[in-house]
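Below: the structure, in structure tokens.
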Amino acid sequence: MIDGKVVKISGPLVVASGMREANLFDVVRVGPNRLIGEIIEMRGGEASIQVYEETSGLKPGDTVATTGAPLSVELAPGLVGSIFDGIQRSLEAIKKLSGASLERGIEVAPLDHEKKWHFVPTVEPGASVVPGDVVGTVQETGPVLHRIMVPLGVTGTVESISEGDFTIDETVCVVKGEGGARNLTMTQTTPVRRSRPYKTKLMPQRPMTTGQRIIDTLFPVAKGGTAAVPGPFGSGKTVVQHALAKWSDVDLVVYIGCGERGNEMTDVLKEFPELIDPRTGESLMQRTVLIANTSNMPVAAREASIYTGITIAEYYRDMGYSVAVMADSTSRWAEALREMSGRLEEMPGEEGYPAYLTSRLAQFYERAGRVACLGSDGREGSLTAIGAVSPAGGDLSEPVAQATMRIVKVFWSLDSNLAYQRHFPAINWLTSYSLYADSVGAWLNENVSEHWTALRARAMALLQQEAELQEIVQLVGVDALSAEDRMVLEVTRSIREDYIQQNAFDVTDSYSTYDKQYKMLALVMSFYDAGLQALAQGVELDAIIALPVRERIARAKEVPEDRVDAAYAQIAQELEQQLTDLLGKGAA
């Protein structure tokens with residue numbers, strides 16, 4: 001342990017001398033309260049330390065002690081269902097020690113080291129193992145089976161292993177290799193600023209099903225992909241992330257409350273335990289890890305919280321699970337970078353953000369992906385990273401939004417005007433995009449319908465055409481449009497209101513399977529084709545719009561999943577019959 005002395009204090013930034021033998025990114029303890037900090041810059045024998053707690057009371061001459069280890073997380077059974085701060089201190093443990101307030105310098109273990117877990121071996125003595133191999137399992141929660149993996153640097157033959165109840169620090173397996181015997185526990189410790197290793201990164205090809213029609217159909221995200229949810233205050237960023245956490249077909253969710261207001265994180269802490277996971281019927285917390293570092297908590301720890309969360313997510317990805325990381329919000333994280341950069345007196349970039357803002361964002365998002373995991377069983381895992389962006393006033397030209405757009409492959413742009421119109425999800429279909437549409441479209445064509453990609457393309461083209469026609473309508477009025485163009489306006493209104501708009505409070509409408517989504521959109525497009533056919537044969541547009549089947553198509557979202565096929569067939573038959581009758585009247 002190396003001791004230095006504080007020479008300068010500037011908010012969360014502390015400069016210490018006598019640290020020549022310390023290493024960059026070492027964790028240190030500062031002052032009599034042993035405040036937690038991390039070395040972020042070395043200049044000769046002076047170390048610049050970002051302190052993850054309030055620094056009031058520190059003074060020049062106070063002692064700085066390094067731990068000799070980088071900022072790391074403890075990975076073992078007990079993570080799922082837990083709530084941590086930005087540097088993986090258990091908030092539940094802190095509450096037991098100090099009540100509702102966070103005491104400075106408080107030291108608590110991230111996980112319970114006394115709790116016994118039932119370990120079930122998956123290998124026999126004499127089996128050869130390599131890093132990443134699963135040697136046993138622990139039923140961590142109802143839906144999550146925790147796989148105990150061989151850590152890096154351990155290769156050899158299992159000498160002993162047995163079933164039983166163990167703490168996370170007790171030996172569950174002994175592996176004998178070239179360097180002698182190695183005792184394996186259920187705990188791994190991993191530095192947060194380096195991604196965990198894997199065999200190879202694979203192409204994301206399968207969609208992450210969310211049940212939200214505008215996302216799944218128009219702007220899909222692949223498992224192992226990256227997405228951003230930008231939008232102004234009140235446009236529904238947090239609501240979208242809550243919906244994704246609840247409905248996405250992933251095995252585990254890591255939700256990072258990074259710099260958002262305390263009341264928003266309080267809502268998460270209250271709602272998640274009460275939300276019922278539709279996949280298991282149990283509390284959503286049974287497959288969720290929460291990282292809480294709100295705006296009134298130390299700003300420096302906000303920067304670390306994202307790395308803490310994604311390292312935990314990588315650990316479960318390495319078990320072969322599909323994991324989603326929700327970061328709310330990367331703008332507040334970037335503000336923490338800006339503050340620390342300013343205190344380090346670095347050359348500022350645009351709007352005062354550090355010049356390395358884009359590279360830091362890229363380092364976070366590039367840790368997402370679908371991978372072939374380490375180990376000899378050939379398992380695959382995926383990590384999908386979804387970050388909220390909170391630009392001031394919804395200005396997407398500001399640096400964080402622009403840097404994010406250059407990195408992520410999906411951009412769900414939230415629109416305050418849609419939110420004020422109570423159109424939810426308030427994702428603007430003209431400014432959003434997905435670069436996974438083609439890659440996941442092949443999977444959807446094969447597994448849902450061979451016409452999926454074509455149907456999506458037609459819907460997107462009509463919505464774009466509507467935007468162009470609306471400009472004409474604002475200039476000369478709707479009466480100046482041809483009947484065909486007015487038909488476009490009618491069918492796009494149906495796409496927007498009957499298909500894209502979704503009620504999160506309605507049991508039936510809050511989630512739609514791909515099959516239901518396809519059939520709903522196919523009905524809307526069938527009505528459009530029928531309308532064009534009738535117009536071509538001289539039928540009045542008003543008569544087409546007045547067809548009773550339009551109401552049936554609009555209410556297709558209310559049809560339960562188990563009745564979709566029958567309802568689709570019946571509505572399609574009614575559309576055909578009513579069109580035949582309409583054409584017959586026109587001919588007469």
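Note that the structure is a prediction, hence the values are computed from the model and not measured.
- For Arg147 and Tyr321, the positive end sits near the middle of the six-membered ring, less than 6.0 Å away and at most 45° from its axis.
- In this structure, the side chain of Asp318 does not engage the main chain of Tyr315 through any donor-acceptor pair within 3.5 Å.
- If you check the side chains of Glu346 and Ser341, you find a donor sitting under 3.5 Å from an acceptor.
- Smallest separation of non-hydrogen atoms from Ala324 and Met208: CB-SD, 4.5 Å.
- Partners of Asp415 by side chain to side chain donor-acceptor pair (under 3.5 Å), not counting sequence neighbours, listed by chain and number: Asn428.
- Between Glu38 and Arg193, at least one side-chain nitrogen of the basic residue sits less than 4.0 Å from a carboxylate oxygen of the acidic one, meeting the salt-bridge criterion.
- Side chain of Asp26 to main chain of Asn23: a donor-acceptor pair is present (N/O by atom type, distance under 3.5 Å, no hydrogens or angles).
- Within the structure, ring pair (Phe, Tyr, Trp, His ring centres under 6.0 Å) pairs that include any residue of residues 329-370 do not occur (at least two apart or interchain).
- With sequence neighbours left out, the salt bridge (charged side-chain N to carboxylate O under 4.0 Å, His left out) criterion links Arg367 to Glu314.
- In this structure, Ile9 and Val6 have side chains that are in contact, with non-hydrogen atoms separated by less than 4.5 Å.
- Ionic pairing of Glu366 and Arg360 is not present here: no N-O contact between side-chain nitrogen and carboxylate oxygen is shorter than 4.0 angstrom.
- Nearest heavy atoms, Arg343 versus Pro12: NE-CD, 3.4 Å.
- Atom NZ of Lys8 has 12 or fewer heavy atoms from other residues, nucleotides or ligands within 6.0 Å.
- Partners of Glu398 according to the salt bridge (charged side-chain N to carboxylate O under 4.0 Å, His left out) rule, which considers only residues two or more places apart in sequence or in another chain, do not exist here.
- Here the side chain of Ser90 pairs a donor or acceptor atom with the backbone of Ala93 at under 3.5 angstrom.
- The pair Glu41-Arg43 counts as a salt bridge, with a side-chain nitrogen and a carboxylate oxygen less than 4.0 angstrom apart.
- Side chains of Tyr316 and Glu140: a donor on one and an acceptor on the other come within 3.5 Å.
- One side chain, Ser413 or Thr431, offers a donor N or O that lies under 3.5 Å from an acceptor on the other.
- The number of heavy atoms from other shown groups lying within 6.0 Å of CD (Gln465) is above 12.
- Checked against ring pair (Phe, Tyr, Trp, His ring centres under 6.0 Å), Tyr255 has the following partners two or more places apart in sequence or in another chain: His242, Phe272.
- With hydrogens and angles ignored, the 3.5 Å screen pairs a side-chain donor or acceptor of Lys199 with a backbone N or O of Gly375.
- Under the rule for a salt bridge (charged side-chain N to carboxylate O under 4.0 Å, His left out), the partners of Asp85 that lie at least two apart in sequence or sit in another chain are Arg89.
- In this structure, Ile500 and Leu218 have side chains that are in contact, with non-hydrogen atoms separated by less than 4.5 Å.
- The minimum heavy-atom distance linking Leu91 with Ala292 is given by the pair CD1-CB, 3.9 Å.
- For Thr311 (side chain) and Val192 (main-chain N/O), a donor-acceptor pair under 3.5 Å exists by modelled atom type.
- Listed for the Gln501 side chain is a donor-acceptor partner under 3.5 Å among the backbone atoms of Arg422.
- With respect to Arg332 and Glu335, a salt bridge is recorded, a charged nitrogen being found less than 4.0 Å from a carboxylate O.
- Taking the side chain as every heavy atom from C-beta outward, Ile386 and Leu244 approach each other to under 4.5 Å.
- A donor-acceptor contact shorter than 3.5 Å is absent between the side chain of Lys5 and the backbone of Thr63.
- Across every non-hydrogen atom of Ala245 and Val253, the tightest pair is O-CG2, 3.7 Å.
- A donor-acceptor pair under 3.5 Å is formed between the side chain of Glu54 and the backbone N or O of Ser56.
- Heavy atoms of other residues, nucleotides or ligands lying less than 6.0 angstrom from NZ of Lys409 number 12 at most.
- Side-chain contact check for Arg206 versus Trp443: some heavy-atom pair is nearer than 4.5 Å.
- Scanning all heavy atoms of the two residues, the minimum distance from Pro204 to Lys223 falls at CB-O, 3.5 Å.
- At most 12 non-hydrogen atoms from other residues, nucleotides or ligands lie less than 6.0 angstrom from NZ of Lys95.
- A donor-acceptor pair is defined here as one N or O able to donate and one able to accept, closer than 3.5 Å; such a pair exists between the side chain of Ser305 and the backbone of Arg302.
- There is no side-chain donor-acceptor pair under 3.5 Å between Gln88 and Glu74.
- Not one N or O on the side chain of Arg317 forms a donor-acceptor pair closer than 3.5 Å with the backbone of Gly381.
- Screening Leu374, Val371, Leu152, Leu75 against Arg196 for a side chain to side chain contact (heavy atoms under 4.5 Å, CB included) leaves a single residue, Leu75.
- In terms of heavy atoms, Ser235 sits closest to Ala419 at CA-CB, 4.0 Å.
- Crowding of Asp438 atom CG: a count of heavy atoms from other residues, nucleotides or ligands under 6.0 Å not exceeding 12.
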